[in-house]
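What follows is a short report on a single structure.
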Amino acid sequence: MVSANATVSYGLTNNIAIQAYGDVLHGYYFHGAIGYYKDLGNRKVVELYNGLGYGYGNAYNDANPGHLYGDYQLYFTQFNYGKVDCKFANMDFGFGLKIGYLHSSMLDKNYYAFYSENGPFTTYNDNSLLLEPKVFIRLGGERLKFNLKVGSSWIYKFTNTEKYLPYSFLNLGLGLNYRF
């Protein structure tokens with residue numbers, strides 16, 4: 001699945017930053033976060049963000065055929081560690097781990113099985129644990145860099161455990177970074 005996303009981060013002080021993120025195409029997701037970052041010396045940086053997000057998703061199951069759609073909220077903490085401005089190609093690299101509480105409210109219109117042409121349809125309200133590890137590398141100039149990200153997602157549902165949430169276990173991202 002292809003998506004388009006953007007992140008804007010701004011350092012309010014030498015250690016406090018805010019972040020806004022958005023992802024659109026097949027549904028949407030937006031989050032805001034505030035965090036602490038620290039230069040550890042030797043171009044190493046550590047960050048810790050807390051935030052909340054809101055999204056809307058729509059999945060199609062052509063085997064039935066059916067749709068599953070609705071909104072979700074995410075309350076999260078994210079830890080990042082990396083090294084910036086290395087000598088080779090101004091390279092940045094690092095890893096991150098996001099841990100969160102995911103609440104979703106999804107309407108099942110024959111997604112899990114065929115029930116009816118006209119309903120009534122079931123809405124599943126779920127609470128889950130979300131884990132998202134990722135690694136990244138950026139190469140390029142002093143301000144403009146090409147980036148490659150590889151990440152994964154794991155969702156552990158506490159409710160309606162027999163009804164899986166459709167998501168991508170492995171994610172690959174290509175993009176451009178510009179530092180103002």
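Note that the coordinates shown come from a computational prediction; the quantities given were computed from them, not determined experimentally.
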Please list, one pair per line, the donor and acceptor atoms closer than 3.5 Å that link side chains of residues 115-125 to other protein atoms, with sequence neighbours excluded.
unit_1, atom_1, unit_2, atom_2, d
Y115, OH, D108, OD2, 3.1
S116, OG, N118, N, 3.1
S116, OG, G119, N, 2.9
S116, OG, G119, O, 3.1
N125, OD1, S105, OG, 2.8

For a quick test of reading the model, state the closest non-hydrogen atom pair linking [X] to [Y] and the distance between them.
X    : Y    : result
L74  : Y29  : CD2-OH, 3.5 Å
Y54  : D71  : OH-OD2, 3.0 Å
S128 : L165 : OG-CD1, 4.4 Å
L68  : P166 : CD2-CD, 3.7 Å
A17  : Y49  : CB-OH, 3.6 Å
E132 : S153 : OE2-OG, 3.4 Å

Nearest-0.5 Å distance that lies between atom [atom1] in [X] and atom [atom2] in [Y]:
X    : Y    : atom1 : atom2 : value
N5   : F30  : CG    : CZ    : 11.0 Å
D23  : T7   : CG    : OG1   : 9.0 Å
F146 : N177 : CZ    : CG    : 10.5 Å
L131 : L97  : CG    : CG    : 6.5 Å
M106 : Y69  : CE    : OH    : 10.5 Å

Is the shortest heavy-atom distance from the side chain of [X] to the side chain of [Y] under 4.5 Å?
X    : Y    : answer
Y28  : Y56  : yes
F136 : N147 : no
H31  : K98  : yes
L130 : W154 : no
I99  : L129 : yes
F79  : V46  : yes

Before you tell me yes or no, could you show the steps for K157 and L102 under side-chain contact (heavy atoms from CB on, under 4.5 Å), namely the whole-Å CA-CA distance, both residues' side-chain angles and the distance that decides it to 0.1 Å? CA-CA 9 Å; K157 289 178 64 175; L102 177 68; over 6 Å; no
Could you tell me whether a side-chain N or O of [X] sits under 3.5 Å from a main-chain N or O of [Y], the two making a donor and an acceptor?
X    : Y    : value
R143 : R179 : yes
S3   : L25  : no
N64  : N110 : yes
S152 : F169 : yes
N61  : A63  : yes

Tell me whether [X] shares a hydrophobic cluster with [Y], the cluster being built from Ile, Leu, Val, Met, Phe, Trp, Tyr side chains joined at under 4.5 Å.
X    : Y    : answer
L48  : V135 : yes
V8   : I18  : no
L40  : F93  : yes
L139 : L176 : no
Y164 : I155 : yes

Taking atom OH of Y10 as the centre, does the number of heavy atoms from other residues, nucleotides or ligands within less than 6.0 Å exceed 12? no
Look at atom NZ of K163 and say whether more than 12 heavy atoms of other residues, nucleotides or ligands are closer to it than 6.0 Å.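 Result for NZ/K163: enclosed.
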Would you confirm whether the ring centroid of Y156 sits within less than 6.0 angstrom of the ring centroid of F158? yes
Chi angles and distances behind the side-chain hydrogen bond (donor to acceptor under 3.5 Å, both in side chains) call for D126, N160: CA-CA 7 Å; D126 286 309; N160 300 305; 2.8 Å; yes
Between L52 and F76, does the side-chain contact (heavy atoms from CB on, under 4.5 Å) criterion hold? Intermediate values first, please. CA-CA 6 Å; L52 55 100; F76 68 90; 5.6 Å; no
Given R43, K145, R138, the one that forms salt bridge (Lys or Arg N to Asp or Glu O under 4.0 Å) with D85: K145
For the residue pair Y81 and F95, does the interplanar ring angle fall in the parallel (under 30°), tilted (30 to 60°) or perpendicular (over 60°) class? tilted
Of Y60, Y111, Y112, the residue whose pairing with H67 passes ring pair (Phe, Tyr, Trp, His ring centres under 6.0 Å):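 With H67 as partner, Y60, Y111, Y112 yield a single ring pair (Phe, Tyr, Trp, His ring centres under 6.0 Å), made by Y60.
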D92, L148, V150 screened by side chain to side chain contact (heavy atoms under 4.5 Å, CB included) with I137, the one that passes: L148
